Amino acid sequence: MPAKQLARVIDTPQPHWVGDGFLVRPLFADLAFTNAVSPFLMLDYAAPVEFKPSAKPPGVGPHPHAGFETVTIVYNGEVEHRDSAGNTGVIGPGDVQWMTAAKGIVHEEFHSRDASKRGGVVSMAQLWVNLPKANKSAAPGYQDIHDADIPRVELAKGAGVARVIAGSLDGAKGPARTFTPMNVWDVRLKKGAKIELPLGEGENLVLPVFHGAVTIGGRAVGAGKVALFERAGDSVTIEAEEESMILLLSGKPLDEPIEAYGPFVMNSKADIQRAMDDYRRGEMGFL
Ligand code: MN
């Protein structure tokens, strides 16, 4: 298997608050919303933060999305979701919520009421996945994916474990339904591990390191940094210098025009205007 070559290591951007609930770092930095990371659009990582007990759950009130999917992965704490299509759900550690905004949805994202009353550590990631032009007008959808339904693949030589959220690895298939082919794997590596993982030729590969430190092609990639790869090649080799937690993201690039404006990601300014008009007219629903 020819290995994909490291193209760039993206530096850690400064964190900012999303509502009062999530202190996130936008890890793709200047490559967010470009075809260099397609089909992915952006990744916010909220490192563990201790919250005091509160009767009023912190988070983000009702807001729209259109043209893409939001994927929320909880590591600590609980996130509660409600949307204008009538979906509600609470996800906890290891769980994933895969929301398809497509033609438009309004939702809210808070720490769960129960977890908020108790207080404690919350950490999560939110990945935005683009939709092909042909699917941006699809009906909104919602997948609540529980930890127990996510296959765990033991890596060779006791190197660690990969939870396959989407895509497939070693015959294990991730439960997430996606519009285009992609892998989303929550990978935990032991210190000193060296692994080679099979991927698709021509796929984009983006590898954020949440904790620990890895070496790829002789270059160090530390916590909070993102390794971006060339499309050529069908495998990746990773060495863990410390116990590490990474999110492996690979997929077939869409290579269509990307026009992003706030919570809307379309193919042109005219499409953005249409989405804003739809939202103002109430066509994305209400909470
Ligand atoms: Mn949102």
Side-chain angles (χ1 to χ4, degrees), residues 13 15-28 32-33 37 39-47 49 51 56-92 95-113 115-116 122-131 135-145 165-166 176-179 184 208 247 249 258-266 271-272 275-276 278-280 282-287:
H16 65 91
W17 284 96
V18 174
D20 58 356
F22 309 100
L23 180 63
V24 304
R25 286 175 192 273
L27 293 188
F28 291 176
F33 305 100
V37 294
F40 310 104
L41 289 165
M42 73 109 208
L43 176 70
D44 272 350
Y45 176 59
V49 168
F51 286 82
K56 185 181 169 293
V60 198
H63 58 277
H65 289 294
F68 64 102
E69 304 184 285
T70 66
V71 179
T72 307
I73 305 169
V74 174
Y75 299 105
N76 291 287
E78 288 181 352
V79 174
E80 190 162 344
H81 160 97
R82 212 157 62 92
D83 69 43
S84 56
N87 304 298
T88 58
V90 174
I91 55 169
D95 299 339
V96 176
Q97 178 208 92
W98 199 294
M99 185 187 80
T100 304
K103 75 173 180 188
I105 199 165
V106 175
H107 79 156
E108 58 177 29
E109 304 161 273
F110 285 99
H111 296 195
S112 79
R113 273 162 288 188
S116 189
V122 174
S123 70
M124 49 84 76
Q126 189 169 85
L127 173 72
W128 288 14
V129 176
N130 206 2
L131 291 173
N135 299 117
K136 283 186 185 284
S137 52
Y142 177 83
Q143 303 174 63
D144 229 345
I145 301 169
I165 296 164
R177 294 182 307 277
T178 64
F179 283 80
V184 178
L247 187 66
L249 305 169
I258 299 170
E259 191 68 41
Y261 183 80
F264 308 124
V265 183
M266 312 302 282
D271 293 345
I272 291 283
M276 287 168 62
D278 284 354
Y279 173 56
R280 287 200 196 104
E283 285 177 24
M284 297 184 186
F286 301 94
L287 274 182

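Read the numbers this way: they start at 1 and go in the same order the structure lists the ligands and their atoms. This structure is a prediction, so every number in the text was calculated from the model and none was measured. Counting from 1, the numbers follow the sequence of the chain as shown.
Minimum interatomic distance between M284 and K103 (heavy atoms only, all atoms of both residues): CE-O, 3.9 Å. In terms of heavy-atom proximity, F68 sits nearest to N130 at CB-CA, 4.0 Å.
Under a cut-off of 6.0 angstrom, the local environment of CZ in F51 is crowded, with over 12 non-hydrogen atoms contributed by other residues, nucleotides or ligands.
H107 contributes atom NE2 as its closest N/O/S atom to the Mn ion (ligand 1). Nearest N/O/S atom of E109 with respect to the Mn ion (ligand 1) is recorded as OE1. Shortest distance from the Mn ion (ligand 1) to H65 is reached at NE2 (N/O/S atoms only).
Distance alone, capped at 3.5 Å, places no donor-acceptor pair between the H111 side chain and the G77 backbone.
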